[in-house]
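When a residue number appears, it is its place in the shown sequence, counting from 1.
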Amino acid sequence: MSVPSAALQRLRLRTELRKARVAANLTQRQVAAKMEWSPSKLIRIEAGEVGISVNDLRPLVEAYGIRDRRKVEELLDLARGSRRMPYSEYRDLYSKEFLQFLALEASASIIRHYGSLVMPGPLQTEEYASAIMRSYDKDIAEDSLERSVEVRMARQELLTSGGRQVFYILDEAVLRRQVGGRGVMRAQLERLAELSNRPGVTIQILPFSIGAHAGIQGPFSHFEFEADEMPDLLYLENPRGDSYTTNTPEETARYLERFWELEDLAITDGVDTLLRALAERMESGQDELEVLLQGAAQE
C-alpha cells in the first residue's frame, strides 16, 4: 500500500482531532485555554490550514482523554507525515485555500473537473498559462509570473502518474476564447487533443447547442480518494476568486450527480479529431461572430 500524501494525512488528522474534541464534550475555546494556546491556533489546526507538531499533539490527545496507545501512535504518525505540504514554497503567491486545493488535487485518485471559461491548470500549455496570468494581473512581476506558470506545469504530473483517473468536461467557451492570440490557442488545442488520448484521461466538450445547463453556475472540482475512510471533496470558486471547499456528503453527492448529468450532455466520441479541426480553424480563418459582424457592417 502506498504511503498517504501529506495532504491526506493532514485531512485525516484534522478530522480525527475534531471528532475527539467533540467526543470529549469540549469547545475550541476550552481546549485552547487548557493548552494555553490562542483559539485561532486550534481553529487553524482543525481547518487543516497548519500542521501540528508531535510535541503539541501529545498533550492535546491527553486533554481529549485518548488513552489507547495504538490510537495515540496513529495520530502521532499522521502528524509526522503531514508537516510538509506540497506547493508550500508558493505560499507567498497563493491563498491558503488554493494551496490546500493543490495539495488535495495531487492526492486524489479520481479527479472530476468542469471548466466553464478557462482551461484547467493541468491542461494548460506554458504560453496559455502565461497569457491567462497576465490577464489576471497586468502588472504581475516577472518572477511571480514564472513561478505561477511553474506551478501549472508541475500540476501536469496528474496526467502522467499511474493509477489516477482524470475527467474533464470543458464548455465550448473554453475552446473558443483566444487566450494569448490565435497561435497560442492553436497550440493549446493541439495539446488538448494529444492529452485526450492518454490512458486515464477523459476530455469531453459541452457544446453551445445544448443551451442552458446546470454547469452555467460555475466551474467545480470533485475529488475522490483511495483511502476508504476519506470522504469525497468538493471545491468551488467564483469570479471574485473566493473559494469554497467542503466534504459534506450531501453537497459532494449533489455535485457528483451534476457532473454525471453534464457527462450525458457532452461530446465524448471523436474529441481529438474535433479539437484538431478547431485548432486548424483557429489560426487559418475568422470566427463565426467576426464574419457575422463584417456582414452586418456591409449591409
message = Between Glu224 and Ser109, is the side chain to side chain donor-acceptor pair (under 3.5 Å) condition met? List the steps.
response = CA-CA 6 Å; Glu224 289 185 34; Ser109 58; 5.8 Å; no
request  = Tell me, please, which residues at least two apart from Ala279 pass side chain to side chain contact (heavy atoms under 4.5 Å, CB included).
outcome  = Arg186, Leu189, Glu190
key: Partners passing side chain to side chain contact (heavy atoms under 4.5 Å, CB included) against Val184 (at least two apart in sequence or in another chain)   = Glu127, Tyr128
task = Report the C-alpha distance between Glu194 and Arg191 in whole Å, list the side-chain angles of each, state the deciding distance to 0.1 Å, and finish with yes or no for salt bridge (charged side-chain N to carboxylate O under 4.0 Å, His left out).
result = CA-CA 5 Å; Glu194 175 196 335; Arg191 168 69 171 162; 3.4 Å; yes
ask   = What pairs with Glu142 under side chain to side chain contact (heavy atoms under 4.5 Å, CB included), at least two apart in sequence or on another chain?
value = Arg134, Leu145, Glu146
request  = State which residues pass salt bridge (charged side-chain N to carboxylate O under 4.0 Å, His left out) with Arg14; sequence neighbours excluded, sorted by chain then number.
outcome  = none
ask   = Sequence neighbours excluded, which residues qualify as side chain to side chain contact (heavy atoms under 4.5 Å, CB included) partners of Asp137?
value = Asp139, Ile140
Can you give me every donor-acceptor pair (side chain of residues 18-36, partner residue at least two apart or in another chain, under 3.5 Å) with its distance?
from, atom 1, to, atom 2, distance (Å)
Arg18, NH2, Glu46, O, 2.5
Arg21, NE, Glu46, OE2, 2.6
Arg21, NH1, Leu26, O, 3.0
Arg21, NH2, Glu46, OE1, 3.1
Thr27, OG1, Gln30, N, 3.1
Thr27, OG1, Gln30, OE1, 3.4
Gln28, NE2, Glu46, OE1, 2.9
Gln30, OE1, Thr27, N, 2.9

ask   = What salt bridge (charged side-chain N to carboxylate O under 4.0 Å, His left out) pairs are there with at least one residue in residues 254-272, not counting sequence neighbours?
value = Glu251-Arg254
inquiry  = By the salt bridge (charged side-chain N to carboxylate O under 4.0 Å, His left out) test, which pairs, at least two apart or in different chains, include something from residues 199-214?
reply    = none
task = Would you please name every residue forming a salt bridge (charged side-chain N to carboxylate O under 4.0 Å, His left out) with Asp77, sequence neighbours left out?
result = Arg80
query = Got a sec, which residues hit ring pair (Phe, Tyr, Trp, His ring centres under 6.0 Å) with Phe98, two or more places apart in sequence or on another chain?
reply = Tyr94, Phe101
key: Counterpart residues, side chain to side chain donor-acceptor pair (under 3.5 Å), relative to Arg147 (two or more places apart)   = Asp92
message = Ring-plane angle category for Tyr255 and Phe220, please: parallel below 30°, perpendicular beyond 60°, tilted otherwise.
response = perpendicular
task = Sequence neighbours left out, what pairs pass salt bridge (charged side-chain N to carboxylate O under 4.0 Å, His left out) with at least one residue falling in residues 51-68?
result = Lys41-Asp56
